[in-house]
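Data first, discussion second: the structure below is written as structure tokens.
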Amino acid sequence: MSELEHEIGMLRAENLKLRNEVERLSHPDLPVVPVDVDNAIKYLKTHGYIGGINELKSILTEKGFKWLNDFQFRDRRFGVGGLNNKLFILSHLAVTGYEVEKPKEQPIIAKNYIEHVIGTIKHDGHLGTIQTDWILPDLEKALAAIGGEDGQ
């Protein structure tokens, strides 16, 4: 009986692996788009159309156009180049879903501001009329979480 039980256990484990693989393949990762591509999709959803290449250029940056061209190159269903193909991609993403890339510069900007405030507090002992004895530890923790002086 133990050999049969062992075989059943092996089959169950294999069944679980197959189910997990089917689940993974059924829900592929959503494409990650730059912020301006997200803006173009939102514009398209709101207005229902984009009048021409100049209107699209007013929304998309060079990074957005490059991303759309790369997407077209990877997925040949959308053809190559052309305004209509790009609009088709934007419409496709609006329907099928996407994720917006997280801006990388925001933590750097926050880090710079926090470092400036900490430096001012340590140098002057205050921030104008703001009491700083209670805020300095929180600022230092935030800086460490971002990867500042203490958390690098």
Side-chain angles (χ1 to χ4, degrees), residues 13-152:
E14 188 63 30
N15 186 7
L16 181 61
K17 283 182 189 176
L18 289 172
R19 284 181 185 212
N20 288 339
E21 185 65 11
V22 166
E23 180 68 22
R24 185 185 70 79
L25 293 173
S26 299
H27 303 287
D29 294 333
L30 295 173
V32 178
V33 304
V35 173
D36 60 323
V37 171
D38 176 49
N39 291 338
I41 293 168
K42 288 176 182 173
Y43 183 90
L44 189 60
K45 283 181 177 180
T46 305
H47 294 84
Y49 66 93
I50 294 179
I53 192 71
N54 289 332
E55 192 172 353
L56 189 59
K57 283 181 180 178
S58 72
I59 303 167
L60 285 178
T61 62
E62 190 64 37
K63 180 180 180 179
F65 276 105
K66 182 179 179 337
W67 188 91
L68 287 171
N69 288 335
D70 290 345
F71 190 85
Q72 283 178 285
F73 183 76
R74 285 190 313 273
D75 192 336
R76 296 300 177 135
R77 293 178 299 169
F78 300 105
V80 184
L83 175 63
N84 288 337
N85 292 336
K86 287 175 180 36
L87 294 176
F88 183 53
I89 292 171
L90 294 174
S91 300
H92 171 75
L93 292 171
V95 171
T96 60
Y98 60 94
E99 293 179 13
V100 181
E101 103 184 335
K102 308 265 187 293
K104 295 176 181 125
E105 65 275 354
Q106 285 182 340
I108 294 168
I109 293 169
K111 177 183 172 226
N112 292 340
Y113 280 126
I114 293 171
E115 286 174 343
H116 175 73
V117 171
I118 289 172
T120 302
I121 292 171
K122 287 184 176 179
H123 182 265
D124 297 344
H126 61 84
L127 276 176
T129 60
I130 299 172
Q131 290 292 93
T132 57
D133 53 346
W134 60 272
I135 197 171
L136 188 57
D138 291 334
L139 287 170
E140 289 173 334
K141 285 181 199 169
L143 183 60
I146 294 172
E149 295 170 330
D150 300 335
Q152 286 183 348

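The structure displayed is predicted, hence computed values, not measured ones. In this chain, numbering begins with 1 at the start of the sequence shown.
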- Quick one: closest heavy-atom pair of Ala94 and Ile41, and the distance? CB-CG2, 3.7 Å

- Query: So how far is it from Leu44 CG to Leu56 CG, rounded to the nearest 0.5 Å?
  - Reply: 9.5 Å

- residues 33-46 vs salt bridge (charged side-chain N to carboxylate O under 4.0 Å, His left out), sequence neighbours excluded, gives Asp38-Lys42

- Name all pairs fulfilling the salt bridge (charged side-chain N to carboxylate O under 4.0 Å, His left out) condition that reach into residues 72-86, sequence neighbours left out, sorted by first residue then second. Asp75-Arg77

- Task: Grab the two heavy atoms, one from Val100 and one from Val32, that are nearest each other, plus how far apart they are.
- Result: C-CG1, 4.2 Å

- Message: Ignoring hydrogens, what is the shortest heavy-atom contact between Pro31 and Gly97? Give both atom names and the distance.
- Response: CD-O, 3.9 Å

- Task: Report, as yes or no, whether the 6.0 Å neighbourhood of atom CZ on Phe88 holds more than 12 heavy atoms from other residues, nucleotides or ligands.
- Result: no

- Atom CG of Asn69 and atom CD of Glu62: how far apart are they, to the nearest 0.5 Å? 8.5 Å

- Taken to the nearest 0.5 Å, the spacing of Phe65 CZ from Ile59 CD1 works out to 9.0 Å

- Taken to the nearest 0.5 Å, the spacing of Phe73 CZ from Lys66 NZ works out to 11.0 Å

- The reported gap from CH2 in Trp67 to CD in Glu101 (rounded to nearest 0.5 angstrom) is 10.0 Å

- What is the distance from atom OG1 of Thr96 to atom CG of Leu30, rounded to the nearest 0.5 Å? 7.5 Å

- Message: Do Leu68 and Leu90 make a side-chain contact, defined as non-hydrogen atoms from C-beta onward lying under 4.5 Å apart?
- Response: yes

- Walk me through it: do Val33 and Phe71 pass the test side-chain contact (heavy atoms from CB on, under 4.5 Å)? CA-CA 10 Å; Val33 304; Phe71 190 85; over 6 Å; no

